[in-house]
*Asks:* 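I'd like to ask you about the structure that follows.
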Amino acid sequence: MINQANWGIVGLGVMGTSLSRNFADKGTSLSLYNREVKGSEEGVALSHTKQYSELKNAIPFNELPSFIESIKNPRKILLMLPAGSPTDSVIKKLIPLLTKGDVIIEGGNSHFKDTEKRAKKLSAAGIHFLGMGVSGGEEGALKGPALMIGGAKEAYMLVKKDLSAIAAKNSKGVPCCNFIGSGGAGHFVKMVHNGIEYAEMQLLAEVISLALSDPSKSIKTIQKMLQDWQKTNSESYLLYITASLLGFQESGRPFIDLIKDEASNKGTGAWATAEGAELGSSNSLMASALHARFTSSNKKQRSLLSKTFKSKTTSTSLSLSALKVSYDLSRIINHHQGFEMIREAAIKNDWKIELATIASLWSEGCIIKSRLMDTLVDIFKANDTLLNAATFMEFFNSGIASWETSITTAIQKRIPFSCHNAAWNYFLAITQENCNANIIQAQRDFFGSHGFERKDKNHDKKYHGPWTDKN
């Protein structure tokens, strides 16, 4: 069976299986490998070739040496494994089995700095390594995901054709598959994608919470509201699935009410939040969404404190039209912050990234695809930052009052509105010519003699306040 397959895929979990079926459906011959764990993972690769019609001609393996021998040179091997030590462990086993010029593509949600370390290690052995962000979930992986690829450009050229074939195609027929930059650029962009996703999900959760605070609104009427929004510029994949899931019932009760209110996270939101801080790039919506999940997971304490601090009921009316404006404007801020992170990282790491390319990449096949993303493709062709776009300037100026109304209503009803509040506060801060940072600088100088610049003197020099003797 030597040299029979064009690609090898390691790891047949949900995403690995779906991508394998996608490859096979597009005519790519495959060798499949999955580890053998007695009692839990036995004969997985073989069973997949029998279970899925697309994989009937794939070659199954449970041993790495024979798996590697079955793949044509230069070998193209896609790893779909949990991030961290499982990925490192398999790479360590693969290195002595591979030859110079082979390509390993890591398609899991790895931290971009880990990707860069692996790339350097494998490069020393003459083996190409690409970090590939994959978005779209199980369905996207099967029918067409968005693929964000980083590493060596020459390695990407070896796999570009096959990856473009399995990727989603945008409205213009362009594959949502692109080379982002060197090192961990692909996984960095995927990390930011997930950070934006966290905030988009939280914004919708907050919309539903505030809408439900109105006694006249039921899950059914809120579902209808979201379905109506889906017909407007608010349209997005996440809005669509959120409206859809509200329609499910069990024994006449909304199924959503049966789900325990503790949100999980798999790490990418935390990575994105931390990386924003390291870059000095504000990503307050991502951070708010992440901390909302952290707070939700502390169910026991929430239950105890809810008995101590009673919620106040209020008859404050809720404006659904204002709520929609608040949601739309907050989404723009969320995307602005995400794209600014990418822009800052590109400068720091010398990645030649065009933001219009990223928006195009995210316009289909991924979790955050939306009508807004389609708009951003054109906006970034003419603007470095989306807040400079005339269309958005007009929208913000006309929507500020409605945005403020929704924020105020949430406060009066004591409904947590963290992501909307974060967007509002960021907008206020970024649109102020003068802010309160002079107070911060004075405080820092008072206790630490850090110095500051003065408005009325040479900006290249650090000064101290009259509270010190260093002037």
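By convention here, the first residue in the shown sequence is residue 1.
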*Asks:* Could you label the plane-to-plane angle of the F67 and Y33 rings as parallel, tilted or perpendicular, counting under 30° as parallel and over 60° as perpendicular?
*Replies:* tilted

*Asks:* Tell me if the NZ atom of K153 is crowded by more than 12 foreign heavy atoms within 6.0 Å.
*Replies:* no

*Asks:* Hey, is CD on E262 packed in by over 12 heavy atoms from elsewhere, all under 6.0 Å?
*Replies:* yes

*Asks:* State whether the number of non-hydrogen atoms from other residues, nucleotides or ligands found under 6.0 Å of D261 atom CG is greater than 12.
*Replies:* yes

*Asks:* Within a 6.0 Å radius of atom CZ on F396, are there more than 12 heavy atoms belonging to other residues, nucleotides or ligands?
*Replies:*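 Count over threshold, so yes.
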
*Asks:* Can you tell me how far the OG atom of S363 sits from the CG atom of L372, to the nearest 0.5 Å?
*Replies:*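 Output value for this atom pair is 11.5 Å.
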
*Asks:* For R35, is the CZ atom crowded, meaning more than 12 foreign heavy atoms sit under 6.0 Å from it?
*Replies:* no

*Asks:* Inspect the contact between D350 and K352 and indicate whether a charged nitrogen and a carboxylate oxygen are less than 4.0 angstrom apart.
*Replies:* yes

*Asks:* Rounded to the nearest 0.5 Å, what's the gap from CD1 on I440 to CG on N436? Could you check?
*Replies:* 6.0 Å

*Asks:* What about F255 and F248, are their ring centers closer than 6.0 Å?
*Replies:*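 No.
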
*Asks:* If you measure from the Lys or Arg side-chain nitrogens to the Asp or Glu carboxylate oxygens, is any gap between K113 and E116 under 4.0 Å?
*Replies:* no

*Asks:* With a 6.0 Å cut-off on ring centres, are W424 and F417 close enough?
*Replies:* no

*Asks:* How many angstroms lie between CZ in F129 and CD1 in I77, if you round to the nearest 0.5 Å?
*Replies:*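 Going from the CZ atom of F129 to the CD1 atom of I77 covers 11.5 Å.
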
*Asks:* Please test K324 against T232 for side-chain hydrogen bond (donor to acceptor under 3.5 Å, both in side chains), starting from the C-alpha separation and ending with a verdict.
*Replies:* CA-CA 10 Å; K324 183 179 185 302; T232 71; 3.2 Å; yes

*Asks:* As a quick check of understanding, evaluate side-chain contact (heavy atoms from CB on, under 4.5 Å) for T391 and M393, giving each step before the final call.
*Replies:* CA-CA 6 Å; T391 301; M393 289 181 184; over 6 Å; no

*Asks:* If you measure from NE2 on H335 to CD on E340, what distance do you get to the nearest 0.5 Å?
*Replies:* 13.5 Å

*Asks:* Given 3.5 Å as the limit, does a donor-acceptor pair link the side chain of N34 with the main chain of A45, or not?
*Replies:*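 Looks like no, no N/O pair under 3.5 Å.
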
*Asks:* Using a distance-only test with no angle check, is there a side-chain donor-acceptor pair under 3.5 angstrom linking K76 and N6?
*Replies:* no

*Asks:* For D88, which of K93, R118, K121 qualifies under side-chain hydrogen bond (donor to acceptor under 3.5 Å, both in side chains)?
*Replies:* R118

*Asks:* Show your reasoning for whether side-chain contact (heavy atoms from CB on, under 4.5 Å) applies to S370 and M373.
*Replies:* CA-CA 5 Å; S370 66; M373 198 67 72; 3.7 Å; yes

*Asks:* Salt bridge check, K169 against E364: does any charged N sit closer than 4.0 Å to a carboxylate O?
*Replies:* no

*Asks:* Report the residue from Y237, F380, F339 that forms a ring pair (Phe, Tyr, Trp, His ring centres under 6.0 Å) with W362.
*Replies:*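 Single ring pair (Phe, Tyr, Trp, His ring centres under 6.0 Å) partner of W362 among Y237, F380, F339: F339.
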
*Asks:* Go through the steps for I149 and V159 under the test side-chain contact (heavy atoms from CB on, under 4.5 Å), then give the verdict.
*Replies:* CA-CA 10 Å; I149 302 155; V159 298; 5.8 Å; no

*Asks:* Run N170 and S360 through side-chain hydrogen bond (donor to acceptor under 3.5 Å, both in side chains) and show every step you take.
*Replies:* CA-CA 7 Å; N170 67 19; S360 178; 3.2 Å; yes

*Asks:* In terms of side-chain geometry, is the basic nitrogen of R21 or D25 positioned less than 4.0 Å from the acidic oxygen of its partner?
*Replies:* no

*Asks:* Mind telling me whether W271 and H111 have parallel, tilted or perpendicular rings, with 30° and 60° as the class edges?
*Replies:*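 Ring orientation of H111 relative to W271: perpendicular.
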
*Asks:* Is there a side-chain contact between I105 and W7 (heavy atoms, below 4.5 Å)?
*Replies:*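 Counting from C-beta outward, I105 and W7 do come under 4.5 Å.
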
*Asks:* Answer yes or no: is there a donor N or O on one side and an acceptor on the other, between the side chain of S297 and the main chain of F294, under 3.5 Å?
*Replies:* yes

*Asks:* Can you check whether I208 reaches L226 side chain to side chain, under 4.5 Å on heavy atoms?
*Replies:* yes

*Asks:* To the closest 0.5 Å, what do you measure between CD1 (I180) and CG (L361)?
*Replies:* 5.5 Å

*Asks:* With distance as the sole criterion, is a donor-acceptor pair present between the side chains of S284 and Q337 under 3.5 Å?
*Replies:*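 Checked: S284/Q337 side chains pair up, N/O donor to acceptor below 3.5 Å.
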
*Asks:* In terms of heavy-atom contacts, does NZ of K26 have more than 12 from other residues, nucleotides or ligands at under 6.0 Å?
*Replies:*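 Buried by this count: over 12 neighbours within 6.0 Å.
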
*Asks:* Please find the pair of heavy atoms, one from L12 and one from T17, that lie closest to each other, and give the distance.
*Replies:*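 The pair with the smallest heavy-atom distance is O-OG1, 3.0 Å.
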
*Asks:* Tell me whether the count of non-hydrogen atoms from other residues, nucleotides or ligands lying under 6.0 Å of CD in E41 goes above 12.
*Replies:*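 Correct, the count exceeds 12.
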
*Asks:* Kindly compute the distance separating OG1 (T385) from CZ (F392), expressed to the nearest 0.5 Å.
*Replies:*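 The CZ atom of F392 is 10.0 Å from OG1 of T385, to the nearest 0.5 Å.
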
*Asks:* May I ask you to test the H193-I367 pair for a side-chain heavy-atom distance under 4.5 Å?
*Replies:* yes

*Asks:* Apply side-chain contact (heavy atoms from CB on, under 4.5 Å) to the pair S31 and Q4, showing each step before the final yes or no.
*Replies:* CA-CA 8 Å; S31 286; Q4 290 186 356; over 6 Å; no

